[in-house]
Amino acid sequence: HPPVDYACFCDSCIARFAVESGVEIPRKELVEAIRLGSTVNGVNVRRAWRDYSSRALTDIACAAADAVHRVDDSIAIGYMVCNPGGHGYAPPDFKRWIEKGRNRDGTVYFRHGSGVYNDFSPYAHDSILMKNISIGRLCAMTEGPGVVNLTEEVTHPYNRRTKSMKITFLEAALNL
């Protein structure tokens with residue numbers, strides 16, 4: 001739920017957050033404090049949760065990259081990244097992700113996108129146009145030496161009743 005679209009509220013994350021922030025409140029109250037931007041024990045809960053979530057996400061990405069590179073450092077990590085709006089509350093530390101994801105040749109991949117499965121409203125907030133604006137923003141956030149930015153094309157499973165070939169071609173053209 002906005003403003004925390006992609007966050008984990010499992011018992012472990014809530015416990016880690018409590019240790020890091022000093023804010024120890026039940027899940028329901030934590031969610032409400034985040035939504036309202038409340039201050040608890042002198043801590044802005046929304047800001048503290050944003051920072052915790054960003055670090056937790058980066059920790060997971062770094063741990064996965066380290067594990068892969070211990071096995072074979074020639075493997076370039078590829079990250080699937082959704083639109084920036086979905087991560088806007090706890091933005092990934094792309095600089096760190098890139099640093100950890102590079103293989104020994106310095107290559108790292110990103111596959112940007114967040115699905116467009118129909119063409120009922122091509123200019124809505126979840127439309128082809130907005131998806132490609134997000135892809136452009138993500139490319140700008142991650143570009144640099146050795147970074148390969150790819151984009152997601154939603155053509156499979158293809159359902160002729162929801163996404164026309166004209167919109168599928170438009171999606172490809174916008175990507176270019």
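All residue numbers refer to positions in the sequence shown, counting from 1.
- Salt bridge status for R16 with D59: present, with a side-chain N to carboxylate O gap under 4.0 Å.
- Closest of all the heavy-atom pairs between E171 and N132 is O-OD1, 4.0 Å.
- Linking Ile, Leu, Val, Met, Phe, Trp and Tyr residues whenever their side-chain heavy atoms come within less than 4.5 Å leaves I77 and Y109 in two separate clusters.
- Classification of R27 and D11 as a salt-bridged pair holds, one side-chain N sitting under 4.0 Å from a carboxylate O.
- Atoms CG and CD1, on L174 and I128 in that order, are 7.0 Å from each other to the nearest 0.5 Å.
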Practice prompt. Evaluate the criterion side-chain contact (heavy atoms from CB on, under 4.5 Å) for residue pair F9 and F17; output intermediate values, then yes/no.
Written response: CA-CA 10 Å; F9 287 91; F17 172 74; over 6 Å; no
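- The number of heavy atoms from other shown groups lying within 6.0 Å of CD (E32) is above 12.
- Closest of all the heavy-atom pairs between I25 and I14 is O-CG2, 4.4 Å.
- A distance-only check finds no donor-acceptor pair linking the side chain of N41 to the backbone of V43 [under 3.5 Å].
- Rounding to the nearest 0.5 angstrom, the gap separating the OG atom in S53 from the CD1 atom in I34 is 7.0 Å.
- Side-chain atoms of R46 come within 3.5 Å of backbone atoms of R35 as a donor-acceptor pair (strictly under, hydrogens ignored).
- The CD atom of E99 sits 5.0 Å away from atom CZ of R96, with the distance rounded to the nearest 0.5 Å.
- The two atoms that bring A48 and S21 nearest to each other are CB-CB, 4.3 Å, heavy atoms only.
- For the atom pair CZ (R104) and OG (S74), the distance works out to 4.5 Å, reported to the nearest 0.5 Å.
- By the criterion of side-chain heavy atoms lying less than 4.5 angstrom apart, applied directly or through intervening Ile, Leu, Val, Met, Phe, Trp or Tyr residues, W97 is grouped together with V68 in one hydrophobic cluster.
- Under the 3.5 Å distance criterion, the side-chain polar atoms of N103 are left unmatched by any main-chain donor or acceptor of I75.
- Summarising the geometry of V108 relative to Y79, their closest heavy-atom pair is CG2-CE1, 3.8 Å, with the distance given to 0.1 Å.
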Worksheet item: So T107 and D105, side chain to side chain donor-acceptor pair (under 3.5 Å) or not? Walk me through it.
Response: CA-CA 6 Å; T107 304; D105 296 328; 5.8 Å; no
Item to complete: Assess whether side-chain contact (heavy atoms from CB on, under 4.5 Å) is satisfied between R70 and D66, documenting all intermediate values.
Response: CA-CA 6 Å; R70 274 194 299 275; D66 286 344; 3.7 Å; yes
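- Under the 4.5 Å side-chain criterion, counting only non-hydrogen atoms from C-beta, W49 is not in contact with V23.
- Nearest heavy atoms, G101 versus H69: O-CE1, 3.5 Å.
- Here the closest heavy-atom approach between residue G37 and residue N44 is recorded as O-ND2, 4.2 Å.
- Remark: the backbone N or O of M130 is paired with a side-chain donor or acceptor of S127 at under 3.5 angstrom.
- Residue L150 holds its CG atom at 11.0 Å from CZ of F110, rounded to the nearest 0.5 Å.
- Residue N149 forms a side chain to side chain donor-acceptor pair (under 3.5 Å) with just one option from E143, R111, H112, and that option is H112.
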